[in-house]
Amino acid sequence: MTVMTMVEAINHTLHEEMARDDRVMVFGQDVGINGGVFRATEGLSAAFGDDRVVDMPLAEGVIAGSTVGLAVAGMVPVAEIQFLGFAYQAMHQIVGQIARLRTRSAGRFEAPITIRAPFGGGVRTPELHSESLESQFANCPGLKIALPATAADAKGLLAAAIRDPDPVLFLEPLRGYRMVKDDVPDGEHVVEFGKARTSREGSDVVIIAWSYMVELANRVADSLAAEGVSVRVLDLRTVVPLDVDAIADAVSACGRAVVVQEAPETCGFGSEVIATAMERCFYDLEAPIERVSGYDTPYPVGMLEDYWVPDAPRIEAAVRRVLGTSA
Amino acid sequence: MTVMTMVEAINHTLHEEMARDDRVMVFGQDVGINGGVFRATEGLSAAFGDDRVVDMPLAEGVIAGSTVGLAVAGMVPVAEIQFLGFAYQAMHQIVGQIARLRTRSAGRFEAPITIRAPFGGGVRTPELHSESLESQFANCPGLKIALPATAADAKGLLAAAIRDPDPVLFLEPLRGYRMVKDDVPDGEHVVEFGKARTSREGSDVVIIAWSYMVELANRVADSLAAEGVSVRVLDLRTVVPLDVDAIADAVSACGRAVVVQEAPETCGFGSEVIATAMERCFYDLEAPIERVSGYDTPYPVGMLEDYWVPDAPRIEAAVRRVLGTSA
Amino acid sequence: MVTTHPGSPASAAASGPTDDEQVEMMRRMIDANVFSTRIFNLQRQGRVGTNAPIDGSEAIAVGAAAALDPKQDWIYPQYREQYGLGRFGDELLDLIVLYNMGHPGGGAYPEHLRVFPYQISLATQIPHAVGTAWGMKVKGDPGCSLVFFGDGSSSEGDFYEAANLAGVRKAPVIFVLINNGWAISTPTSSQTGAESFAAKAHAFGFPGRRIDGTDPIEVYRTIAEARARATGGMGPMLVEAVTYRLGHHTTADDPTKYRHADEVEAAKSREPVAKFAALLGARGLWSDEQTAAQEASAHERFDGAWERAQATTWQPSDMFEHTYATPTPRMLRQRAEMIAHLAAEGEA
Amino acid sequence: MVTTHPGSPASAAASGPTDDEQVEMMRRMIDANVFSTRIFNLQRQGRVGTNAPIDGSEAIAVGAAAALDPKQDWIYPQYREQYGLGRFGDELLDLIVLYNMGHPGGGAYPEHLRVFPYQISLATQIPHAVGTAWGMKVKGDPGCSLVFFGDGSSSEGDFYEAANLAGVRKAPVIFVLINNGWAISTPTSSQTGAESFAAKAHAFGFPGRRIDGTDPIEVYRTIAEARARATGGMGPMLVEAVTYRLGHHTTADDPTKYRHADEVEAAKSREPVAKFAALLGARGLWSDEQTAAQEASAHERFDGAWERAQATTWQPSDMFEHTYATPTPRMLRQRAEMIAHLAAEGEA
Ligand SMILES: Cc1ncc(C[n+]2csc(CCOP(=O)(O)OP(=O)(O)O)c2C)c(N)n1
Ligand SMILES: Cc1ncc(C[n+]2csc(CCOP(=O)(O)OP(=O)(O)O)c2C)c(N)n1
Ligand SMILES: [Mg+2]
Ligand SMILES: [Mg+2]
């Protein structure tokens with residue numbers, strides 16, 4: 001075990017995976033000598049050369065689109081989109097092509113493609129740098145979507161993503177790059193997709209979250225523990241595949257739930273969690289599940305963003321409402 | 001009143017709106033002399049000239065992107081994307097730019113932009129011609145999304161879209177173009193956004209749907225009526241703005257509900273309807289709300305599509321399950 | 001750097017095709033034409049879905065495929081050229097039938113067939129072709145990739161982004177822009193203001209060449225030269241192959257709405273299959289009898305393919321097969337529900 | 001069609017700028033430089049967000065704005081040129097301060113200011129500029145639109161798609177590609193294989209011109225000529241203005257990681273503000289004292305802008321103001337919830 005920040009864990013995993021499999025190529029904007037704008041690809045070009053670590057022209061469409069051809073040629077592409085908001089420039093390739101490669105070729109061509117992108121707010125970035133788009137991609141079959149909440153999971157899920165024969169969107173919380181820091185297993189560490197993680201044990205209410213929102217949920221759980229409220233925190237880890245059983249078990253066990261998403265409320269992934277719970281454990285629910293989310297406005301400018309992104313007080317308030325203990 | 005198919009109603013409305021307001025421009029691929037691949041723009045170029053009805057180069061990004069500049073110049077752009085699946089090529093403009101024009105300019109620039117696109121399955125089109133993407137756009141604040149189910153609403157909602165100072169995605173059911181046919185009011189007819197329509201009255205269960213799925217829901221309602229089951233059908237008409245009150249009223253009144261979407265199950269708009277009902281009328285629910293939807297696979301090839309798209313038997317089975325009357 | 005005259009002679013460096021190769025090209029052009037016509041007509045009978053006939057592009061597809069190495073090179077077609085790519089694997093013709101029926105097996109190209117499936121989302125295959133060429137270069141694999149796309153598709157950002165990347169990486173890729181005058185109802189004059197499509201190569205730093213796309217020999221020689229350049233490490237080439245879309249855009253199209261009969265009539269004199277037959281005939285390499293015989297064999301072959309296609313089984317649950325290597329738990333539930341529902345409805 | 005030599009003389013047709021105009025340009029270049037430096041430094045103190053200094057692009061922004069008509073023409077900037085666009089409305093400089101603070105009023109450009117707000121999503125403003133030019137042409141409005149974008153941004157599909165459309169419609173638009181050698185850490189050699197960025201104009205059928213972007217007079221004359229063409233119905237022009245990004249990409253960047261100090265040192269001799277001051281000085285139009293005085297006035301003006309910015313009120317619920325003309329019912333609920341929550345937390 002080594003204590004690492006999340007961005008260190010990502011960098012370390014990229015080094016390990018490139019060393020393990022020489023078909024792995026890393027490319028994107030500024031990933032070479034600059035090591036990525038957040039240093040996630042630091043040292044890769046020195047270690048593996050500029051044939052395998054490539055600074056691309058500034059065009060997300062072909063950064064994504066070329067992965068399909070590279071996969072056909074037998075490579076294992078790990079592409080970086082500098083900020084998830086710019087994945088829109090590549091949506092036709094990610095959703096229309098990458099996600100469908102296996103289907104269109106009736107299984108002949110695999111797409112062992114990983115697309116990494118930072119996302120999420122709280123760090124005063126300019127426009128379109130903070131958007132949380134996971135639910136939009138979750139409606140697009142053929143993609144898998146991983147959103148680590150810990151440095152250890154960043155390693156385990158990224159290794160799994162790169163080794164997965166199917167395309168994975170690997171979404172890294174901007175705010176977590178340096179704020180999230182924990183024990184990362186040394187050596188081989190692969191976390192299976194579709195297995196949620198119980199981040200806090202508890203039985204009165206469950207907070208369901210993913211990515212950086214897990215950190216906030218944990219804080220709420222810890223602070224309510226002092227009042228004798230037992231809050232479970234379920235970290236989904238991957239939203240596709242979704243651990244439907246874990247959601248059902250947690251909601252049934254607690255009878256009360258809050259789901260936290262950073263995206264705007266309407267059609268965020270929280271709605272899917274609620275629909276899933278409705279389907280699987282309606283009769284165990286003691287109160288309606290609450291959503292805590294961004295608002296139905298574009299992600300706002302720097303001075304407003306802390307009011308937009310869910311924070312611990314808003315989550316705590318929702319938990320109290322669900323428990324029926326609000327003031 | 002004149003009986004029209006949906007595509008006739010759309011064509012008629014485009015003629016009326018272009019005549020009413022000479023700032024309205026219609027453009028896209030093959031919308032000119034060819035009148036659109038479905039004849040939705042038939043006769044417009046002859047009537048209004050090729051300055052206002054324009055065949056564009058084959059590039060969705062700039063078809064969408066130029067609308068922003070046209071709006072700044074004082075025009076009212078009505079752009080066509082030939083099939084909604086190709087809106088992915090323009091996602092960065094639609095979501096990143098058009099939807100945010102008002103926000104970015106603190107209200108100075110309006111985006112009185114309409115983007116029309118056919119979508120939906122059942123007509124044996126090639127790949128990427130049938131995708132239902134409304135939930136992905138619904139997670140993008142700044143857009144409005146209209147999905148008419150009748151020819152009359154096609155007129156009323158399209159007129160409203162073109163006159164709306166905000167950008168509207170106007171989604172036309174491919175299968176409904178000629179299959180949907182009803183009385184369309186002559187002259188001025190504008191349907192306010194955000195007001196759902198009760199397509200069938202009923203009190204035992206409500207089917208919530210939009211676009212062509214309303215047609216199927218009606219059929220189920222009619223056939224179950226013969227058995228004495230009273231099925232209400234609620235047509236959402238616009239998913240943004242969402243008529244939250246109408247959903248809550250219908251679900252509360254019936255106590256049981258089924259939501260039908262053509263998109264894949266995970267993160268379709270149905271999940272939002274369920275989350276909304278959970279929030280507003282959990283305590284009135286007598287059974288969990290069921291979803292009937294496409295499956296979590298890419299929209300399949302022609303021979304399989306009828307098994308993928310929800311049909312009346314699948315909806316009826318869900319209604320019976322929700323009523324607890326399944327065999 | 002750009003040759004802008006249609007019909008300009010290909011570089012002297014390119015040799016071939018041999019007489020035998022020319023005869024084979026002739027046969028394949030006829031096969032392509034027959035298969036395309038049969039599929040088109042079957043749509044009129046409601047037996048296959050919307051499809052795009054090859055009419056006018058036979059020489060481009062067949063000529064390009066003839067100049068490549070089916071064991072080393074990759075082809076990324078759009079949706080009109082498949083009929084002419086039999087040289088890369090004869091199974092392709094069977095698969096075309098399945099594909100146009102909307103059969104789930106229509107994309108099941110066998111492992112050795114270095115052809116990418118149909119592309120419906122225009123221009124999206126161009127970055128794919130560049131990716132493959134780039135990957136081959138990184139791995140040190142021999143060969144190149146070739147991508148077909150239309151005059152209309154050249155307006156998509158994907159073309160420019162991909163060609164620009166190819167220029168930077170000197171990837172061994174050949175861009176074959178089929179200028180058939182039309183993109184559905186949109187003429188090339190509404191598609192670009194450039195003096196030619198070949199001139200677009202200036203934007204990427206590699207050569208552009210405008211050639212007669214109705215002449216399979218010129219196509220062959222140009223592609224052979226482009227291939228030699230590409231595999232010799234000299235990078236990409238853009239080839240604008242000029243022809244005319246003689247038929248409907250697809251079965252869903254009515255071209256009389258937007259173009260003059262005169263224009264179509266005039267283009268018929270350059271119809272590639274008849275023109276090539278006449279040329280080879282004049283050189284004593286081909287006869288009308290051979291045309292008739294080849295047509296008959298193509299029809300027979302189509303009948304066989306159609307019969308095999310009818311007999312190729314499928315089931316509704318096939319849709320769950322190839323989304324992922326292993327279906328998600330939710331998909332397994334959906335699959336089970338679908339099967340149970342169909343059983344209850346007495347359909348399965 | 002493409003002039004590929006930096007520093008080539010602009011066409012004799014272009015006259016101006018007058019001496020007075022040159023002096024005004026000098027002043028605006030100094031203002032731009034001072035404002036940019038002040039904002040950059042405030043980020044270091046944590047008082048404003050990530051921002052991109054203008055260093056090296058002063059002559060391009062100021063020279064282009066000087067050649068346009070602020071009452072008729074539109075400017076679509078990227079994120080580096082705003083500092084130099086004061087000629088279009090002096091409020092712009094105040095708004096730059098608000099914008100970089102992350103203030104909700106930062107985009108509230110007054111009605112008469114024909115400048116589009118900051119663009120962060122690279123190249124997306126290029127289709128906007130073309131749309132405006134096209135709309136002006138359809139309406140018969142006088143004037144043109146001008147769009148700035150970087151060498152990096154030129155790789156985006158949006159540039160090509162928009163320029164191609166502009167070529168077809170002969171829209172009155174001027175494309176100003178600022179080639180400052182770098183896109184963050186990516187040098188132009190990794191950005192394109194084209195012989196120049198100006199050469200990309202061949203792909204669209206309008207002229208491309210490569211000019212010295214450190215010389216405001218050359219910029220002025222080229223843009224004046226392009227404007228005359230555009231407004232005269234002759235269509236677009238692509239201007240590659242060559243300069244060097246002397247500073248950090250943004251406050252978040254460390255250029256020593258990826259480029260040699262020598263290269264930066266060499267480029268300093270072409271630093272546009274000092275170079276122009278020397279040129280005007282030699283012609284007796286400017287002096288060091290004037291530089292000092294202009295700098296002082298710019299600092300004073302910045303102090304005023306900063307003070308006004310501090311005093312410009314805002315509240316959390318501002319975020320609900322401009323999503324739609326009228327908020328949706330759900331947004332009204334969210335707004336009420338937010339206000340109640342903040343009240344409960346004692347924050348509002
Ligand atoms: C991205 C995308 N946009 C639009 C379409 C609809 N469409 C199908 S074919 C076609 C015209 C294609 O023209 P061209 O590229 O010249 O090829 P051709 O049909 O002439 O061979 C259009 C607009 C599509 N399939 N994909
Ligand atoms: C669509 C998009 N992709 C990526 C980025 C991240 N990014 C911001 S600036 C930049 C480099 C821009 O280079 P260039 O266009 O040359 O402009 P310069 O900064 O040199 O003025 C990048 C990659 C972005 N803002 N938008
Ligand atoms: Mg064509
Ligand atoms: Mg640059």
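This structure is a prediction, so every number in the text was calculated from the model and none was measured. The sequence lines fix the lettering, A, B, ..., with proteins before strands; numbering per chain opens at 1.
- Chain B forms the most heavy-atom pairs under 4.5 Å with one residue out of C:Tyr79, C:Trp314, C:Tyr118, and that residue is C:Trp314.
- You'll find the side chain of C:His103 stays beyond 4.5 Å of the side chain of B:Val301, heavy atoms only.
- Shown here for B:Phe86 and C:Ile120, the closest heavy-atom pair between the two residues is CZ-O, 4.1 Å.
- For C:Ser317, no part sits under 4.5 Å from any heavy atom of chain B, backbone or side chain.
- Side-chain atoms of B:Asp30 and C:Ser185 include a donor-acceptor pair closer than 3.5 Å.
- With C:Gln334 contributing its side chain and B:Asp296 its backbone, the two residues share a donor-acceptor pair below 3.5 Å.
- In plain terms, the two heavy atoms of C:Met319 and B:Pro300 that are nearest each other are CB-CB, 4.3 Å.
- For C:Ala183, the parts lying near chain B are the backbone and the side chain together; criterion is any non-hydrogen pair under 4.5 Å.
- Within the 4.5 angstrom heavy-atom criterion, no atom of C:Arg259 approaches chain B.
- No other option in C:Thr192, C:Thr328, C:Thr124, C:Thr186 has as many heavy-atom pairs under 4.5 Å with chain B as C:Thr186.
- At a 4.5 Å heavy-atom cutoff, the contact between C:Gln315 and chain B is made by backbone atoms alone.
- Between chain B and the options C:His249, C:Met331, C:Met338, heavy-atom pairs under 4.5 Å are most frequent for C:Met338.
- Here the side chains of C:Tyr258 and B:Asp55 are not in contact, with every heavy-atom distance at 4.5 Å or above.
- At least one side-chain heavy atom of B:Glu265 sits under 4.5 Å from a side-chain heavy atom of C:Arg333.
- The contact list for residues 148-155 of chain C toward chain B, using heavy atoms and a distance under 4.5 Å, reads C:Gly152, C:Ser153, C:Ser155 by residue number.
- One finds a salt bridge joining C:Lys257 and B:Glu42 here, because a Lys/Arg side-chain nitrogen approaches an Asp/Glu carboxylate oxygen to under 4.0 Å.
- Top candidate by heavy-atom pairs under 4.5 Å with chain B, chosen from C:Asp158, C:Ile184, C:Thr323, is C:Ile184.
- In this structure, a donor-acceptor pair under 3.5 Å is present between the side chains of C:Arg330 and B:Thr266.
- Around the CD atom of C:Glu307, the shell of radius 6.0 Å holds no more than 12 heavy atoms that belong to other residues, nucleotides or ligands.
- Each of B:Arg124, B:Glu305, B:Glu127 has some count of heavy-atom pairs under 4.5 Å with chain C, and the biggest count is that of B:Glu127.
- Note on B:Ile33, B:Leu128, B:Leu304: by heavy-atom pairs under 4.5 Å with chain C, the leading option is B:Leu304.
- Side chains of B:Gln89 and C:Ser121: a donor on one and an acceptor on the other come within 3.5 Å.
- Crowding of B:Asp306 atom CG: a count of heavy atoms from other residues, nucleotides or ligands under 6.0 Å exceeding 12.
- For the pair B:Arg314/C:Glu345, no side-chain contact is recorded, criterion being any heavy-atom separation below 4.5 Å from C-beta on.
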